[in-house]
*Asks:* 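This is the structure I have questions about; it appears just below.
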Amino acid sequence: MALAGLFPFSVIFLQTIEILNVVWGYTIYTSYGFMLIMLFLLLIMTALVSIVMTYFQLALKTMNGGGGVSTRLYVYGYSIYHSFHLLEMKGFMQTTFFFGYMASGMESF
């Protein structure tokens, strides 16, 4: 994951050197068109790296490990909110079935 920032940085590396030389070397910067091209390349590269890293995270998720624990807790927490605020369940059996099925459904994440 730490290497994900390497690709966008490699796109703007030369431009960064030139900008630092302008700021600390008291010279005039004249390559505004080149900087605009680098900006668009940086945006494209950052979007592509984000897509690829998201794919890798989803592809490497273990189904029976702790990879999706936060997702499980979020969905179960929303089911609690949903049951008390949006559903009109009245009775012990309905509530028990709902939370039982939601708890067993969390194993699919």
Side-chain angles (χ1 to χ4, degrees):
M1 294 300 163
L3 293 176
L6 181 66
F7 295 115
F9 179 72
S10 65
V11 169
I12 61 164
F13 178 68
L14 295 175
Q15 190 69 24
T16 305
I17 291 173
E18 188 173 346
I19 289 174
L20 289 176
N21 285 337
V22 166
V23 169
W24 298 109
Y26 303 109
T27 60
I28 297 174
Y29 186 74
T30 58
S31 304
Y32 295 109
F34 185 66
M35 185 168 53
L36 185 64
I37 292 170
M38 288 295 116
L39 174 68
F40 288 131
L41 285 175
L42 176 66
L43 292 175
I44 291 169
M45 181 60 74
T46 304
L48 291 175
V49 167
S50 298
I51 291 169
V52 168
M53 294 309 290
T54 302
Y55 171 76
F56 284 149
Q57 285 180 344
L58 291 175
L60 296 176
K61 185 179 91 167
T62 59
M63 290 300 171
N64 50 351
V69 172
S70 62
T71 305
R72 293 175 190 175
L73 291 177
Y74 178 75
V75 172
Y76 199 72
Y78 180 75
S79 70
I80 292 171
Y81 167 79
H82 186 78
S83 69
F84 288 120
H85 294 286
L86 301 175
L87 295 179
E88 296 179 8
M89 290 190 295
K90 295 179 177 80
F92 178 73
M93 291 302 288
Q94 288 179 337
T95 307
T96 304
F97 271 43
F98 177 76
F99 287 117
Y101 278 121
M102 289 306 296
S104 64
M106 292 304 105
E107 291 300 318
S108 66
F109 282 111

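Basis for what follows: all heavy atoms, side chains included, without hydrogens, waters or symmetry-related copies.
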*Asks:* Looking at CG of L42 and CE of M35, how far apart are the two atoms once the value is rounded to the nearest 0.5 Å?
*Replies:*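 Answer for the CG-CE pair, L42 versus M35, is 12.5 Å.
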
*Asks:* Which distance, rounded to the nearest 0.5 Å, do you find between the CG of L36 and the CZ of F40?
*Replies:*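 L36 CG to F40 CZ: 4.5 Å, rounded to 0.5 Å.
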
*Asks:* Hydrophobic cluster membership, with links at side-chain heavy-atom distances under 4.5 Å among I/L/V/M/F/W/Y: are L43 and I51 in one?
*Replies:*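 L43 and I51: separate clusters.
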
*Asks:* Please report the shortest heavy-atom distance between A103 and Y76, naming the atom on each side.
*Replies:*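 Scanning both residues, the minimum pair turns out to be N-CE1, 3.7 Å.
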
*Asks:* Mind checking what makes side-chain contact (heavy atoms from CB on, under 4.5 Å) contact with S50, not counting sequence neighbours?
*Replies:*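 Partners of S50 by the side-chain contact (heavy atoms from CB on, under 4.5 Å) criterion, ordered by chain and then number, come out as T46.
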
*Asks:* Should the ring pair Y101 and F97 be called parallel, tilted or perpendicular, given that the plane angle runs from 0 to 90° and is split at 30 and 60?
*Replies:*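 Judged by the thresholds at 30° and 60°, the geometry between Y101 and F97 is perpendicular.
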
*Asks:* Listed by chain and number, what are the ring pair (Phe, Tyr, Trp, His ring centres under 6.0 Å) partners of F92, not counting sequence neighbours?
*Replies:*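 Not a single residue meets the ring pair (Phe, Tyr, Trp, His ring centres under 6.0 Å) criterion with F92.
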
*Asks:* Under the side-chain contact (heavy atoms from CB on, under 4.5 Å) rule, collect the residues that match up with V52, sequence neighbours excluded.
*Replies:*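 In terms of side-chain contact (heavy atoms from CB on, under 4.5 Å), with neighbours along the sequence ignored, V52 is linked to F56.
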
*Asks:* Quick one: do Y32 and V22 end up in the same hydrophobic cluster if we chain Ile, Leu, Val, Met, Phe, Trp and Tyr together by side-chain heavy atoms under 4.5 Å apart?
*Replies:*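 Yes.
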
*Asks:* Looking at residues at least two apart in the chain, or sitting in another chain, which of them share a side-chain contact (heavy atoms from CB on, under 4.5 Å) with Y55?
*Replies:*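 Scan of Y55 (side-chain contact (heavy atoms from CB on, under 4.5 Å), adjacent residues dropped) gives A59.
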
*Asks:* Considering non-hydrogen atoms only, spot the tightest contact between S79 and F99 and give its length.
*Replies:*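 Looks like O-CE2, 4.4 Å.
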
*Asks:* Using side-chain contact (heavy atoms from CB on, under 4.5 Å) as the criterion, list what pairs up with I37, not counting sequence neighbours.
*Replies:*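 So I37 forms a side-chain contact (heavy atoms from CB on, under 4.5 Å) with L41.
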
*Asks:* Under a single-linkage rule joining Ile, Leu, Val, Met, Phe, Trp and Tyr whose side-chain heavy atoms are separated by less than 4.5 Å, which residues share a cluster with L48?
*Replies:*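 Cluster partners of L48: I44.
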
